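Each remark here refers to the structure printed beneath this line.
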Amino acid sequence: MEEAEIALSEQQLVRREKLLKLQAEGRDPFAAVRWNHSHHSSFIKQNFEALENQDVSIAGRIMSFRDIGKASFIDLQDKEGRIQVYLNAEGLGAEEYAHVKSWDMGDIIGVEGYVFKTRRGEISVHAKRMELLTKALEPLPEKYHGLRDPEQRYRRRYLDLVMNSQVMETFKKRTIIIKAFRDYLDNVGYLEVETPVLSTIASGAAARPFVTKSNALNLQLYLRIATELYLKRCIVGGMERVYEIGKNFRNEGIDIRHNPEFTMIELYQAYADYNDMMELCENLCASAALKACGSTKVNYQGTELEFAAPWRRLSMMDAVREYGKIDFSSVKNDEEARELAKKHGLVEELKKKLEDCSKGDILNAAFEKFAEKELIQPTFILDYPADISPLTKQKPGDPSMTERFEAFVYGRELANAYSELNDPIVQMDRFNQQAKERELGDDEAYMLDEDFVSSLEVGMPPTGGMGIGMDRLIMFLTDSYSIRDVILFPTMKPVQ
RNA sequence: GGGCCGUUAGCUCAGCUGGUAGAGCAGCAGACUCUUAAUCUGCGGGUCGCAGGUUCGAUCCCUGCACGGCUCACCA
């Protein structure tokens, strides 16, 4: 007792004793072994007529063990679900049957036997041979309530997955949704690419980056906050249609809809513009909803969301007029806009001092305050101020506005898309403007990427581009309240 | 970062106005050949998140800390 020992519970000690006993008997449940299994649980249940009285081989985890004396029932869980195993001395032999009875809930076993239906109508496997494939040394959480403690569910997701079948369903759906995106884009000629996570410049979005260091290069590097500028280089290179699904990293607050690392798809299409991106956005989301939920109509937190095209289209100015009762169309300059800001209580919403704010800043603040949370059904908000859209083409006839939209669902931003700015001279001016913003204290202003500008000098065709927050879409399609419910291992503070 | 709430057996949770703790599941022993939250009998299992303080005495009151949840702020 000199060294600090990990305190084992009574139940853990019991299981370790069982393990030692098994090993002493030459039945080490951790010894190398493979198990040929022929079927999964749900397949057997769905194909009972064909499989009745047929031999099958299954494997999984013991979730329930009902010993009624000379016979027992086990609920075996595999990746598809659960199936009941019936065992008795006749099927296994008296000695084996007695041995199996010492197994525990949580143990991972293989079962060979024939398919039958119990008198109560439960499709089951009548065991002829059983093998303990892995011993569980820790007891499972409570079989009825499962694992409830949110902290443990996130920290020990493996237990959450074992105990809560809807969690497994959510993550299966997650994969279906991402695959739906891939299938759709691959079918219309997109090329999936990979761009750097590590870079000396973190640009393409407004966010604080994570900082790391390369030992080999003796260099400070950032983890990417967006893939935009590299994907556009691919367009310059002639790939015409590219997308990347991957993690972005933003060193910011953690809450119900933000995780420091999150999954984004960005896609770029040459010879297209933001109108094409709207259609693509509708089609991608509708197709994902159809594949994951069987319908474009999805229930989210008690509200029915309709993802089928067409989504409502509304300019930012019209949205502010509709939801904020403020008319920006007649505002001629920044000064008039600042007056409006004071009149409508927007000053506190602004990220900068009022005198530093342009008309665009104030319009955006009014939108965020009055309109954003009202946009429940999928809605495109079009035409964003140029000041907050440094990578976007200006509107023909109104250089203060850009060809940009964001898609909102349930009051949350889901997608962001532009007619991509491809004029290298204007792009340089916009980066310079961002540098000024940074001097004014905005540490999320876009970093200058000179090589990106120089790629535009080589020539980027007119291009439409879009980013969609995959985690957020997955939240909507799985009725998940928190982003942590759609990320397998969300960022957590370590326990001290 | 602010506010509110939580942390008690492996798990899910009780625990009154302060007198060092209970249930169900799980575990152990036993009974039971169609159970499925199986049932029945009996028995074990706790540094009440951590550290201080008040008190004769703290799971309970106070302070601080840790972790988590919600929320506001922040955050395209």
Side-chain angles (χ1 to χ4, degrees), chain A residues 7-15 17-18 62-76 82-91 97 102 104-106 116-124 126 136-156 159 162-163 204-208 225-226 248 250-260 262 264 348-349 351 364-365 367-368 372 381 384-385 388-391 404-408 412-418 442-444 446 467-469 472 481-482 484 490 492-496:
Chain A
L8 292 176
S9 70
E10 180 193 35
Q11 297 192 48
Q12 286 173 307
L13 291 170
V14 166
R15 293 200 179 199
E17 281 163 21
K18 287 185 181 180
I62 300 176
M63 298 303 291
S64 178
F65 201 126
R66 295 179 293 281
D67 175 2
I68 53 165
K70 296 198 168 59
S72 299
F73 298 87
I74 284 173
D75 289 340
L76 193 71
R82 293 185 185 186
I83 189 161
Q84 182 170 265
V85 176
Y86 177 74
L87 49 147
N88 59 15
E90 284 163 39
Y97 179 61
S102 72
D104 291 301
M105 282 202 266
F116 78 111
K117 203 178 258 185
T118 63
R119 281 173 217 158
R120 296 282 177 90
E122 177 89 14
I123 294 165
S124 307
H126 195 303
L137 295 180
E138 185 180 311
L140 289 177
E142 213 245 9
K143 65 184 171 188
Y144 185 60
H145 297 94
L147 184 67
R148 290 282 184 81
D149 179 2
E151 183 170 355
Q152 294 309 315
R153 289 189 47 222
Y154 296 142
R155 283 194 200 281
R156 309 187 76 196
L159 270 181
V162 168
M163 297 310 298
R208 282 185 288 266
I225 57 173
N248 285 344
R250 297 188 183 174
N251 207 341
E252 284 161 1
I254 300 175
D255 65 25
I256 214 100
R257 54 195 98 146
H258 297 88
N259 195 64
F262 61 100
M264 178 100 114
E348 286 174 11
E349 309 289 319
K351 289 157 200 164
N364 187 54
F367 170 74
E368 285 178 1
E372 205 173 290
I381 295 298
Y384 277 63
I388 56 167
S389 312
L391 304 171
R404 170 184 182 184
F405 73 79
E406 287 190 348
F408 288 88
R412 298 175 191 174
E413 183 199 342
L414 178 67
N416 182 20
Y418 323 136
D442 181 359
D443 56 0
E444 294 183 355
Y446 287 53
I468 299 176
R472 288 191 183 169
Y481 181 65
S482 168
R484 296 188 143 190
M492 303 286 283
K493 272 196 190 181
V495 203
Q496 284 194 348

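As the structure is a prediction and not an experimental result, all values here were calculated from the model.
On the C1' atoms, B:C34 is 30 Å away from B:A23, given to the nearest whole Å. Distance check on atom P: B:C72 versus B:U55 gives 42 Å, rounded to whole Å. Annotation: B:G44 and B:G2 have their P atoms spaced 48 Å apart (nearest Å). Taking atom C1' on both B:G45 and B:C25, the two are 14 Å apart, rounded to the nearest angstrom. Taking atom C1' on both B:G46 and B:U41, the two are 25 Å apart, rounded to the nearest angstrom. Between B:C48 and B:U39, the two P atoms lie 32 Å apart (nearest whole Å). For B:G22 and B:U63, the C1' atoms lie 30 Å apart once the distance is rounded to whole Å. Nucleotides B:G30 and B:C67 place their P atoms 46 Å apart, quoted to the nearest Å.
A:Met163 comes within contact range of no nucleotide atom at all, as no heavy-atom separation falls under 4.0 Å. Backbone-only engagement by A:Tyr154 is indicated by non-hydrogen atom pairs under 4.0 Å involving sugar-phosphate atoms exclusively. In this structure, A:Ser9 reaches the sugar-phosphate backbone alone: every heavy-atom distance under 4.0 Å involves primed, P, OP1 or OP2 atoms, never a base. Counting any heavy atom pair closer than 4.0 Å across all strands shown, A:Arg484 reaches sugar-phosphate atoms only and no base atom. Within 4.0 Å of A:Gln12, counting heavy atoms only, lies no atom of the nucleic acid at all. If you check every strand for non-hydrogen atoms under 4.0 Å, A:Lys117 touches nothing. Counting non-hydrogen atoms under 4.0 angstrom, A:Phe405 reaches nothing in the nucleic acid. Among the heavy atoms of the strands, none lies under 4.0 Å from A:Arg257.
Nearest to the side chain of A:Arg119, among B:A37, B:C67, B:C34, sits B:C34. Residue A:Pro150 places its side chain closer to B:G68 than to any other of B:G68, B:G10, B:U33. Each of B:G27, B:C67, B:U33 was ranked by its minimum atom distance to the side chain of A:Val14; first place goes to B:G27. Distances from the side chain of A:Ile68 to the nucleotides B:C75, B:C34, B:C67 place B:C34 closest. Checking B:A73, B:C67, B:C70 against every side-chain atom of A:Asp255, the shortest atom distance belongs to B:A73. Comparing B:U71, B:C34, B:C67 by their closest approach to the side chain of A:Ile256 singles out B:U71.
Qualifying side chain to side chain donor-acceptor pair (under 3.5 Å) partners for A:Tyr446, counting only residues two or more places apart in sequence or in other chains: none. Residues satisfying the side chain to side chain donor-acceptor pair (under 3.5 Å) criterion with A:Glu406, sequence neighbours excluded, are A:Tyr384, A:Arg404. For A:Asn248, there are no side chain to side chain donor-acceptor pair (under 3.5 Å) partners, not counting sequence neighbours.
Using a 4.5 Å heavy-atom threshold, the side chains of A:Pro139 and A:Asp104 count as separate. Two residues are said to be in side-chain contact when any heavy atoms from C-beta on lie closer than 4.5 Å; A:Gln11 and A:Glu138 fail this criterion. The side-chain heavy atoms of A:Arg250 and A:Ile225, taken from C-beta on, include a pair separated by under 4.5 Å.
Taking atom CG of residue A:Leu87 and atom P of nucleotide B:C34, one finds them 13 Å apart after rounding to whole Å. Taking atom CZ on A:Arg155 and atom P on B:C67, their separation rounds to 8 Å, with Å as the unit. Nucleotide B:A73 holds its P atom 12 Å from the CD atom of A:Glu368, rounded to whole Å. Look at NE2 on A:His126: it is 14 Å from P on B:U33, rounded to the nearest Å. Nucleotide B:A26 holds its P atom 12 Å from the CG atom of A:Asp67, rounded to whole Å. The interatomic distance linking A:Tyr86 (OH) with B:C32 (C1') rounds to 12 Å, in whole Å. Between the P atom of B:G44 and the CG atom of A:Leu13 lies a distance of 18 Å, rounded to the nearest Å. Residue A:Phe65 contributes atom CZ, which lies 15 Å from atom C1' of B:C34 at whole-angstrom precision.
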Both atom distances under 3.5 Å, Watson-Crick or G-U wobble: I'd like the secondary structure of RNA chain B as a dot-bracket string, with | for pairs made across strands. (((((((..((((.....[..)))).(((((.......))))).....(((((..]....))))))))))))....
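Relative ring orientation between A:Tyr86 and A:His126 is described as perpendicular, the plane-to-plane angle rising above 60° on a 0-90° scale split at 30° and 60°.
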Take A:Met492 and A:Arg484, measure what side chain to side chain contact (heavy atoms under 4.5 Å, CB included) needs, and give me the verdict at the end. CA-CA 10 Å; A:Met492 303 286 283; A:Arg484 296 188 143 190; 3.2 Å; yes
Distances for protein N or O near nucleotides 11-13 of chain B N or O, under 3.5 Å:
from, atom 1, to, atom 2, distance (Å)
B:C11, O2', A:Glu142, N, 2.9
B:C11, O2', A:Gly146, O, 3.2
B:U12, OP1, A:Arg148, N, 3.0
B:U12, OP1, A:Asp149, N, 2.9

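Going from atom CD1 of A:Ile381 over to atom CG of A:Asn364 covers 11.0 Å, rounded to the nearest 0.5 Å. In this structure, the separation between OH on A:Tyr481 and CD1 on A:Ile256 is 4.5 Å, given to the nearest 0.5 Å.
Within the structure, every side-chain polar atom (N or O) of A:Arg250 is placed at least 4.0 Å from both OP1 and OP2 of B:C75. Between A:Lys70 and B:A31 there is no side-chain polar atom (N or O) within less than 4.0 angstrom of OP1 or OP2.
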Expected string for nucleotides 45-52 of chain B under the B/S/- scheme (protein heavy atoms, under 4.0 Å, primed atoms plus P, OP1, OP2 as sugar-phosphate) is S-------
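No donor-acceptor pair under 3.5 Å is formed between the side chain of A:Arg208 and the backbone N or O of A:Glu252. Put simply, the side chain of A:Arg472 gets close to the backbone of A:Glu413: a donor and an acceptor are under 3.5 Å apart.
Of the residues listed (A:Leu140, A:Leu76, A:Ile74), the one engaging A:Met63 in a side-chain contact (heavy atoms from CB on, under 4.5 Å) is A:Leu140, and it is the only one.
Residues A:Ile388 and A:Thr118 both approach RNA chain B. Their nearest nucleotides, taken by heavy-atom distance, put A:Thr118 toward the 5′ side. Nearer the 5' end of RNA chain B, as judged by each residue's closest nucleotide, is the contact made by A:Met492, out of A:Arg208 and A:Met492.
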